[in-house]
Amino acid sequence: MKLNKYFMLGLAGLAFAACSNEDEGNDILTKGTKQISVTISAGSYGQTKVGSGWTEDADKAINPQNIKLYLLKADGNIVRVEDAQVGSDNIYHNVSPEVTKIAAVANFNEDTPLPVEGNWKNNVLGATLNMDKYGVASTAPLASEVAALVPDGTDKEDGNTMYTATVELATMLSRIELSGNLTCTNLGNSAYSKLALTHIGLNGVHQQFTLGGEQVGNELYDKTNQGGYPVSVPACFYDETSGPEITTTAETALGVGYGYNVLGQPKEMLLKFDTEYKSPVAEGFIVYDPAYLKITGLKTAEGDKVTMEAGKIYQITDLEFEEEDLTDLDPGEPTICVTATVKVKDWDIVPVEPEYGK
């Protein structure tokens, strides 16, 4: 399986200046053509380390790619679409006087390109994306709010009024990550003798979403036990693992970090274990093979409930659980829920703790 499910959210500022040949004081350019100068600067993105799903605070060096500038009428209808480059001045000449607003998109990576006509809200922000193309933190799609052109001083060379607008790129996704150690605090007193981690991932997610941050299609939520991962969940939401195996109550290192981009909040983060248990199983114990640890909620270290927000990375470190927290996915069985403790980043990092569930 690929370990390319990383998530960082970031911001990029795009500064626009428009020059008009109209009389000063005319706030809306309605005659002649415009020249627009665009300067794009990259913001602070969290960059995931190669081979790990865990995002470090020090790794903030991502530039938005494939930037598209949308020149819009007052009603949001598209007049013109232009390419732009990060870190350079992009000059656009002979822009229609109908243009009064600007918006931008970056990191759009679908087979069908974004529309070059129609309406910003309906046709651009309404475009459907597939999460399997945006599993890596650095590839998170970005979109801006619409910004109006406003007068901003006078051009020194020709005395014409300059018009400027600033838009900020942001992702509509959030990210959840897991790293550190696993500890089953009462393994020695339980019916289990070994827990072998085979999969980590999410359950209760949407594979498709829009640039405007809306979920598309059905929620993918599987309650059926099987040898692999829940069958209805796409591979971009989980990893197969080669361990570790928990055989004592001591901390057992995960070895690598795992991370997944998501729109909204998943129902569960799942850790799936192949199990071995003592024979005979002592009276009063219930054992599962496979067994699942379900993280069904997040909280801060102070115990406050966490709701995942766009542009933030929620990090869980060092899961500690009991044998009683393990369950299965069979809807006919009673279930429990566990809450984990997290951490948030723009591509904000948020440390959190898990809440477990059955």
Practice task
Look at the side-chain heavy atoms of Ile, Leu, Val, Met, Phe, Trp and Tyr, link any pair under 4.5 Å apart, and say whether Val216 and Phe237 land in one connected group.
Solution key: no

Handout entry: Single-linkage hydrophobic cluster, 4.5 Å side-chain cutoff, Val124 and Val116 together
Key = yes

How far does [atom1] of [X] sit from [atom2] of [Y], to the nearest 0.5 angstrom?
X	Y	atom1	atom2	answer
Thr249	Glu320	OG1	CD	10.0 Å
Asn123	Leu114	CG	CG	10.5 Å
Leu211	Leu142	CG	CG	9.5 Å
Glu322	Leu293	CD	CG	11.5 Å
Asp318	Glu251	CG	CD	6.0 Å
Leu178	Leu271	CG	CG	6.0 Å

Any [X] side-chain heavy atom under 4.5 Å of [Y] side chain:
X	Y	answer
Thr198	Phe273	no
Asn107	Thr139	no
Gln207	Asp132	yes
Leu72	Val146	yes
Leu197	Pro244	yes
Leu298	Ile316	yes
Ile102	Leu71	yes
Leu326	Tyr292	no

Practice task
Kindly determine whether Ile78 and Asn119 satisfy side-chain contact (heavy atoms from CB on, under 4.5 Å), including the steps that lead there.
Solution key: CA-CA 6 Å; Ile78 300 167; Asn119 183 270; over 6 Å; no

Problem - Results of ring-ring contact (aromatic ring centres under 6.0 Å, His included) for Tyr70 - residues two or more places apart only - result: Trp120

Exercise for the section: Kindly determine whether Leu187 and Ile246 satisfy side-chain contact (heavy atoms from CB on, under 4.5 Å), including the steps that lead there. Expected result: CA-CA 9 Å; Leu187 185 66; Ile246 303 173; 3.9 Å; yes

At their closest point, which heavy atom of [X] faces which heavy atom of [Y], and how far apart are they?
X	Y	answer
Pro230	Leu270	CG-CD1, 3.9 Å
Ala310	Thr171	CB-O, 3.8 Å
Ala143	Leu125	CB-CD2, 4.2 Å
Asp274	Pro290	OD1-CB, 4.2 Å
Gly126	Thr210	O-CG2, 3.9 Å
Ala191	Val287	CB-CG1, 3.4 Å

Problem - Greater than 12 external heavy atoms within 6.0 Å of Tyr277's OH - result: no

Problem - Check: Tyr238 ring centroid to Tyr229 ring centroid under 6.0 Å - result: yes

Practice task
Not counting sequence neighbours, list each pair that qualifies as a salt bridge (charged side-chain N to carboxylate O under 4.0 Å, His left out) and has a residue in residues 207-216.
Solution key: none

Are [X] and [Y] linked by a side-chain donor-acceptor pair shorter than 3.5 Å?
X	Y	answer
Asn186	Glu324	yes
Asn130	Gln208	yes
Tyr134	Glu110	yes

Problem - Evaluation steps, side-chain contact (heavy atoms from CB on, under 4.5 Å), between Val306 and Thr300 - result: CA-CA 7 Å; Val306 171; Thr300 64; 3.6 Å; yes

Practice task
Using side chain to side chain donor-acceptor pair (under 3.5 Å) as the criterion, list what pairs up with Tyr221, not counting sequence neighbours.
Solution key: Glu268

Practice task
Could you pull out all residues at least two apart from Lys194 that satisfy salt bridge (charged side-chain N to carboxylate O under 4.0 Å, His left out)?
Solution key: Glu245, Glu276

Exercise for the section: Check the pair His206, Leu220 against side-chain contact (heavy atoms from CB on, under 4.5 Å), reporting the backbone distance first and the verdict last. Expected result: CA-CA 6 Å; His206 284 77; Leu220 304 176; over 6 Å; no

Distance-only, no hydrogens or angles: does the [X] side chain make a donor-acceptor pair with backbone N or O of [Y] under 3.5 Å?
X	Y	value
Asp239	Thr241	no
Thr317	Ser179	no
Asn203	Asp222	yes
Ser144	Ala104	yes
Lys101	Ala74	yes

Practice task
Determine, for Asp304 against Lys299, whether the closest basic-nitrogen to carboxylate-oxygen distance falls under 4.0 angstrom.
Solution key: no

Problem - Pair Asp111 + Lys133: basic N to acidic O under 4.0 Å - result: yes

Handout entry: Set of residues satisfying side chain to side chain contact (heavy atoms under 4.5 Å, CB included) with respect to Pro113, sequence neighbours excluded
Key = none

Problem - side chain to side chain contact (heavy atoms under 4.5 Å, CB included) partners for Asn189, two or more places apart - result: none

